[in-house]
Amino acid sequence: MKVKSRISSAGLFFLVVQTMIGVGVLSLPHQAYKAAGQNGWISIFISGLFIQLVILLIWFLCRRFPNLTLFDFSTLILGKILGNTINFLYIVYLLTIVSYVLIIFSDTIIRWIAPETPQWVFLIYGIVLLVYGCSGTIRSMVSLFSFLFIFILSLLFILLLVLQEPAIDIRYLFPIGFGGGWAILKSTKDIVPSFIGFETLLFYFAFMKQPKSFSAVKVAFSAVFFVMIFYMYIVIISTMSFSPAEIKLVPEPVLYMIRGISLHVIQRLDLVFLSIWGIIVAATVISYAFIGSMGISKSLLVKHKIAVILFAVFVFFVSIISTYYVEISTFGEWVRKLNMIFGIIIPIILLLIAIIFKREAESCYEEK
């Protein structure tokens, strides 16, 4: 099933950036410091370079099957039975990611804003946004994401205000490279999952006007580079704002850091930050859900809007069950391991099989 809708290079940039920047922003400085100390920003830089390499391999795989998503070319590479099995597992993976994001979102809002509100209320709110955002075409989603990019820039502006605080101490970043290069490299295994979202390129590359052109992968490189700089920026500011003892104990240093800022017109800037963050998280949910619905539509041969509703129902029940029976930290570990499998290991295996057995498809450009 060759895709017909087309997106521009800018559209792919917004899709990737909005998908990658999500719930992990709040806790990333804490996780980076636990993994690499004051060298957390270096680990993020190295992890970003590694993700660029993975994206190049994903593009090598996708360019062999232009205009086809992984849901289509998996059967061409592995055969019908194995291919459909991989498709089913990817749908489950996407469903798990969306459920995890909604759980983190609802848990954070409850702890910081609405402690008396039942969690299922925020889960339903997320489901409504999911259905609304995924019911259209990929072009309408790109239009939405290009507008929401303004809110990412707003977060950067708010974080700039932190630099005016007297508690900022650049000495917390030193000594650079303390512990040795090997220790920093080892820490990247804990940082790489922060870039979750790059694996959506297994599906989004197919919508490019020239999927086989190197310009397609250059746009993906640019998107990941932007995310990498964004993460480094947040980690560096957070590291300078907290002492080594403090940042190890504070699970969400970004919010505590912003909470200390008081403006004449806004007393709780952290609530403004959370409101903007919630919009960005919604974009991540919509992106993953759109791809998951696409997989359900292909597997069950139903219309896209029906697939969206089915996906939303599955997400709601998985989220409710996970809320009561699975610890958030345990769920997070599952997600990180699944991301390594479905974002890196499986695409590389598919690429190797495609090269060895010379699996590829002809390009067929259709405009809709």
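Both backbone and side-chain heavy atoms feed into the values below; hydrogens, waters and symmetry mates do not. We count residues from 1, following the sequence as given. This one's a predicted model, so the numbers in the text were calculated from it and none came from an experiment.
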Check the surroundings of atom [atom1] in [X]: do more than 12 heavy atoms from other residues, nucleotides or ligands lie under 6.0 Å from it?
X    : atom1 : answer
M232 : CE    : yes
F45  : CZ    : no
I176 : CD1   : yes

[Y] side chain reached by [X] side chain, heavy atoms, under 4.5 Å:
X    : Y    : result
L12  : F205 : yes
L161 : L269 : yes
P175 : Q38  : yes
L130 : I286 : no
M240 : D169 : no
V308 : K303 : no
I110 : F122 : yes
I196 : M20  : no

Look at the side-chain heavy atoms of Ile, Leu, Val, Met, Phe, Trp and Tyr, link any pair under 4.5 Å apart, and say whether [X] and [Y] land in one connected group.
X    : Y    : value
L153 : M228 : yes
Y256 : Y172 : no
F88  : L95  : yes
I86  : F357 : yes
I150 : L274 : yes

task = Apply side-chain contact (heavy atoms from CB on, under 4.5 Å) to the pair L15 and I7, showing each step before the final yes or no.
result = CA-CA 10 Å; L15 282 174; I7 59 175; 3.7 Å; yes

Using the benzene-type ring in the case of Trp, are the ring centres of [X] and [Y] under 6.0 Å apart?
X    : Y    : value
F226 : F149 : yes
F311 : H304 : no
F14  : F145 : no
F195 : Y231 : yes

query = Can any side-chain N or O of E199 pair as donor or acceptor with the backbone N or O of G197 at less than 3.5 Å?
reply =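 At least one qualifying donor-acceptor pair exists.
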
ask   = Do any N or O atoms from the side chain of T188 and from the backbone of I191 form a donor-acceptor pair under 3.5 angstrom?
value =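 Checking the backbone N and O of I191 against the side chain of T188, no donor-acceptor pair under 3.5 Å is found.
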
task = Report the residues that fulfil salt bridge (charged side-chain N to carboxylate O under 4.0 Å, His left out) with D270, sequence neighbours left out, ordered by chain and then residue number.
result =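 Testing D270 for salt bridge (charged side-chain N to carboxylate O under 4.0 Å, His left out), a comparison that skips the adjacent residues, returns R268.
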
How long is the straight-line distance from [atom2] of [Y] back to [atom1] of [X], given to the nearest 0.5 Å?
X    : Y    : atom1 : atom2 : result
S319 : L123 : OG    : CG    : 5.5 Å
R64  : I355 : CZ    : CD1   : 5.5 Å
N339 : I345 : CG    : CD1   : 10.0 Å
K218 : W59  : NZ    : CH2   : 10.5 Å
I356 : I77  : CD1   : CD1   : 11.5 Å
D107 : T323 : CG    : OG1   : 8.5 Å

ask   = side-chain hydrogen bond (donor to acceptor under 3.5 Å, both in side chains) between S99 and S322: does it pass, once the steps are laid out?
value = CA-CA 8 Å; S99 299; S322 300; over 6 Å; no

Could you tell me if [Y] and [X] have a donor-acceptor pair between their side chains, going purely by distance under 3.5 Å?
X    : Y    : answer
S287 : Y204 : yes
Q119 : Y324 : no
T19  : T200 : no

request  = Please step through side-chain contact (heavy atoms from CB on, under 4.5 Å) for the pair V250 and H30, ending with a clear verdict.
outcome  = CA-CA 7 Å; V250 179; H30 171 73; 5.6 Å; no

For the student: nearest non-hydrogen atoms of [X] and [Y], plus distance:
X    : Y    : answer
T69  : M294 : CG2-CE, 4.2 Å
V235 : P29  : CG2-CA, 4.1 Å
T85  : I81  : OG1-O, 2.8 Å
P347 : L202 : CG-CD1, 3.8 Å
V54  : G343 : CG1-O, 3.8 Å
S299 : I91  : OG-CD1, 3.8 Å

Using 30° and 60° as the class limits, which term best fits the ring planes of [X] and [Y]: parallel, tilted or perpendicular?
X    : Y    : result
F342 : Y93  : parallel
F203 : F71  : tilted
Y125 : F105 : parallel

inquiry  = Show, in sequence, the C-alpha distance, side-chain angles and deciding distance for F316 and W120, and conclude whether the ring-ring contact (aromatic ring centres under 6.0 Å, His included) test is met.
reply    = CA-CA 9 Å; F316 179 74; W120 61 266; 8.3 Å; no

Residue of the set L102, L129, I127 for which side chain to side chain contact (heavy atoms under 4.5 Å, CB included) holds with V285 =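 Only one of L102, L129, I127 forms a side chain to side chain contact (heavy atoms under 4.5 Å, CB included) with V285, namely L102.
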
Residues which pass side-chain hydrogen bond (donor to acceptor under 3.5 Å, both in side chains) with S238, listed by chain and number, not counting sequence neighbours = none

request  = Show your reasoning for whether side-chain contact (heavy atoms from CB on, under 4.5 Å) applies to S241 and I237.
outcome  = CA-CA 6 Å; S241 299; I237 290 179; 4.1 Å; yes

ask   = Would E360 and R63 pass as an ion pair if we require N to O under 4.0 Å?
value = no

ask   = Is any NZ, NE, NH1 or NH2 atom of the basic residue among D72 and K298 found under 4.0 Å from an Asp or Glu carboxylate oxygen of the other?
value =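 Yes, charged N to carboxylate O under 4.0 Å.
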
task = Any chance you could lay out the side-chain contact (heavy atoms from CB on, under 4.5 Å) test for T284 and Q18, step after step, and finish with the verdict?
result = CA-CA 6 Å; T284 301; Q18 296 280 176; over 6 Å; no

